[in-house]
Number of protein chains: 2
Amino acid sequence: MIELRLLKQLATFYEYGTLSAAAEVLLISQPTLTRSMKQLEDELGIKLFIRGKNHLSLTATGVRAAEYANQLLNLAEDFETKIKAYDRSLHTISIGYCAPVPQLVMMPLINNIFSGMTISSDMKSDEKFEDNLLQGIYQLAITHYEPENEKLFSKKCGSESLYMSFSQGNPLAFYPQLYLKDLDGLSILLLSQIGFWADMHREKTPNSKYLLQIEESSFIEIAAHSEYPTFTSSYFINRNETMPGRINVKLADPECYTDYYLVCLDSEKKKYEKLFNIVNENTIK
Amino acid sequence: MIELRLLKQLATFYEYGTLSAAAEVLLISQPTLTRSMKQLEDELGIKLFIRGKNHLSLTATGVRAAEYANQLLNLAEDFETKIKAYDRSLHTISIGYCAPVPQLVMMPLINNIFSGMTISSDMKSDEKFEDNLLQGIYQLAITHYEPENEKLFSKKCGSESLYMSFSQGNPLAFYPQLYLKDLDGLSILLLSQIGFWADMHREKTPNSKYLLQIEESSFIEIAAHSEYPTFTSSYFINRNETMPGRINVKLADPECYTDYYLVCLDSEKKKYEKLFNIVNENTIK
DNA sequence: CTACTTTACGGTATGCGTAAGCATT
DNA sequence: AATGCTTACGCATACCGTAAAGTAG
C-alpha cells in the first residue's frame, strides 16, 4: 500500500516544480525528497520522473499520478474532518431558544440530564426552527408556537407574560394594566438578545425608541440609575426578582402572552425522553 | 495526515472483530496493533474504541471511521491500478488483425518503427474493430474493408487472394481456376487463427468438413503427409513459399479476394504517421 | 485454562539531516 | 557563482516483536 506521505510529496513537487522548492514547503530536506520519489517509483514499478543531471520533471504518467494523488489527499483530509464532525454530532446537543426565559429555565435541566454532552445554545427568533431541526442544525428547540410538521415532536413546557417596569414617578405605573399602543413613542430600555420578542416589539410599537443594551450588566446598571421603563416578565415577578423601587404593570395584549413548546425530531424523541418526562406546562412560569 | 497503514489496520480490526485476529491477517504482532489503534485515536483526538479489561470494540464513531477507511483504501488501490494501466497504455500498442497475412507483414514494420513499445497483437474477425478502436482497446487495426466512421483514419495497405493447394493426384488440381462451390463438401485442412476468412468459409462452403489445426507446425506436418487440400494465398505464392509437391489453383470468387486497410483514430494519426508513410497499396501482397 | 488486551523492554529498520560532489545556467 | 539533483554517511525515532502480566469467560 502506497503511503500518503509519498503522495503528498509527489503532489507538492508537482505543484512547485523542483524538489528544492517542494522540500522547503514540506519542511524536510531536499535529499529526503529525492529518496522518497525514488521509493515511490520503486513501489509502483513505474517511471514517474525524467531525470536530467541537474533537472527533474514528471513523465506523463507522473503527472497523471500527481493529479490522482491530489484527489486521494483531499479525500484523506475529508476523512479527518468528517469523522471529527460525526463524533462531535454524537456528543453535542444544539438547542435553539426563541426567548431568554426558556433558556434560563431549560439550561440547568438539560445540563443535568445530558451531563457529559456538550450543550450548545443559540437564541434567535424562531421562524426557522422547524427547518433547523429537520436539517439537524438543532437537536432541540423551544418555540413559542406549536409546530405542525409531522416529523417533529413537541410538548408544551410553560408560558410567559410580559410586564412593563416603571420607576415610581412614572404616571403609567399606576394603571392596573396597559396595552402596547399606550407605550408607542416612549423610550424604552431593552436587552438585545430577546429572541422572538424583538419582532413583536418592532411590529407593535414602531414609534418607540429602543435603547438597546448588549450586555446584561450594563442593562441593569442603566435601569437601576435611570427612569427609563423596561420590559420584565412573569418569570421574574413569580420569583420576586424584580428591580427594587420599580412598579410592574401587566401588558394585556394577546401578543404579550405566549406558551412555550419543547420540540425535537419525532425520530429522536426516545433520545430526549427523560427531558420530555420532566418538563410540563408549568416548567417555564 | 493519517497514514493508510493505520486505516488498513482499523479496517481489518473492524472486519475481524479482535486485535488478535486482525494481527494474524495483517502478519504483524498483536501488541503492534494495540499501539497503532491508540496512535490513531491520538492523531484524530477522538475515542474510536471502547476498552474493557479484556475486550476491545468500536464506538459509533469508530465504526463510521472504519467504513470510511475502507472507502479510502479502495481508492488508494485504484490509484495503483489506474496509474499502472495508464502507464501501460502509454507504452503499448494494441493491434487488431483481421487475417494472418497482414500480421505477418505488419509486425516487423511496427516493431521496427515503435521499438521500445510493447506491441500486443490480436487476430479475429474484424466486425468490431471500429468499436474497439473508438474505445481505445486497439490503437491500430488491419481491416478488410474501408471503415466509414469519420473519427477513424485509414489507408489501403495491400491485398490478398486465396488459392487452393492440392496434392498432385487430385483431379481439381488441373483446373486453371476454381470456385468455392466446387469445393463444398470436401474435407479441407485449415488453420484455426485465420480471422475473417473463417466467416467466409462457413458461409460459402457450409457442407465442407474442416479439419481445424490450432498449431501451425501440426498443420504443416499433416499437409505435407496427406492428400487433404488446404488454403494458401497470393502472399505465399508471390514468395514461392508454397508446399513442395503441391499445385495451387486460384479461387475466382470475389469473396476470395480482399483489400486491406490500416486504421487508427483520426485524432491519433500524427502518432502513427511514420507507419502510414511507409505503408502503401503493395505492402501486403 | 484459554482467549484477549495492555504494558514493558530492547532491537532494528526506516526516515531524516548534513556534507560533499557534480552538472547546468 | 548560484541553483538543483544525487550519493554517502551517521543518527534519531518510530515501528516492531518478544516477554510478561492482568482479566474475563
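To find a chain, count down the sequence lines: A is the first, B the second, and so on, and within it residues start at 1. All values derive from a computational prediction rather than experimental measurement.
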Student: Send over the distance from A:L56 CG to C:dT24 C1', rounded to a whole Å.
Tutor: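 Spelled out: CG on A:L56 to C1' on C:dT24 is 14 Å.
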Student: With a 6.0 Å cut-off (strictly less than), is the heavy-atom count around CD of A:E150, excluding the residue itself, greater than 12?
Tutor: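 At most 12 heavy atoms, drawn from other residues, nucleotides or ligands, come within 6.0 Å of this atom.
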Student: Figure out the CD/C1' separation between B:E3 and D:dC16, and round it to whole Å.
Tutor: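 Answer to the nearest Å: 17 Å.
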Student: Between B:I50 (CD1) and C:dT5 (P), how many Å, whole number?
Tutor: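 Interatomic distance, CD1 of B:I50 to P of C:dT5: 14 Å.
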Student: Would you kindly give the NE2-to-C1' distance between B:H55 and D:dG22, to the nearest whole Å?
Tutor: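 Rounded to the whole Å, the gap is 17 Å.
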Student: Would you say CD of A:E43 has more than 12 non-hydrogen atoms from neighbouring residues, nucleotides or ligands within 6.0 angstrom?
Tutor: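 More than 12 within 6.0 Å, yes.
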Student: Salt bridge or not for B:E146 and B:K155, using N-O below 4.0 Å?
Tutor: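 Result for this pair is no, no salt bridge flagged.
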Student: Decide ring pair (Phe, Tyr, Trp, His ring centres under 6.0 Å) for B:Y68 and A:Y86; before the verdict, give the C-alpha distance in whole Å, the side-chain angles of both, and the deciding distance to 0.1 Å.
Tutor: CA-CA 12 Å; B:Y68 202 108; A:Y86 178 73; over 10 Å; no
Student: Rounded to whole angstroms, how far apart are CG on B:L40 and P on D:dA14?
Tutor: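 After rounding, the reported distance stands at 16 Å.
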Student: Using only side-chain N and O atoms of B:K38, determine if any of them is under 4.0 Å from OP1 or OP2 of C:dT7.
Tutor: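 The answer is yes; a side-chain N or O of B:K38 sits under 4.0 Å from OP1 or OP2.
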Student: Taking CD from A:Q9 and P from D:dC5, how many angstroms apart are they, rounded to a whole number?
Tutor: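 After rounding, the reported distance stands at 14 Å.
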Student: Might you work through the side chain to side chain donor-acceptor pair (under 3.5 Å) test for B:Y14 and B:E67, ending with a clear yes or no?
Tutor: CA-CA 8 Å; B:Y14 179 50; B:E67 285 166 352; 2.9 Å; yes
Student: Using atom CZ of B:R5 as one end and atom C1' of C:dT14 as the other, report the distance to the nearest whole Å.
Tutor: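 One finds 11 Å between C1' of C:dT14 and CZ of B:R5, rounded.
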Student: Check for me whether the distance between the ring centres of A:Y138 and A:F129 falls short of 6.0 Å.
Tutor: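 Yes.
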Student: Residues of residues 17-36 of chain A with any non-hydrogen atom less than 4.0 angstrom from an atom of DNA chain C: list those, numerically ordered, please.
Tutor: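 Close to the strand are A:L27, A:I28, A:S29, A:P31, A:T32, A:R35.
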Student: Quick check on DNA chain D: between A:R51 and B:Q39, whose nearest nucleotide comes earlier from the 5' end?
Tutor: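 Nearest nucleotide further toward 5': that of A:R51.
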Student: Measure up the B:F196 and B:H144 rings against each other and bin them: parallel (under 30°), tilted (30 to 60°), perpendicular (over 60°).
Tutor: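 Plane angle under 30°, so parallel.
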Student: Answer yes or no for A:K269 and A:F153: cation-pi contact, defined as NZ/CZ to six-membered ring centre under 6.0 Å and angle to ring axis within 45°.
Tutor: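 Relative to the ring axis of A:F153, which defines the angle, A:K269 lies inside both limits.
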Student: Quickly work out the B:E43 CD to D:dA14 P distance and round it to whole Å.
Tutor: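 Whole-Å distance recorded here is 11 Å.
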Student: If you count heavy atoms of other groups shown closer than 6.0 angstrom to NZ of B:K84, is the number above 12?
Tutor: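 Correct, the count exceeds 12.
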Student: Nucleotides 21-23 of chain C: which of its N/O atoms have a protein N/O under 3.5 Å away?
Tutor:
none

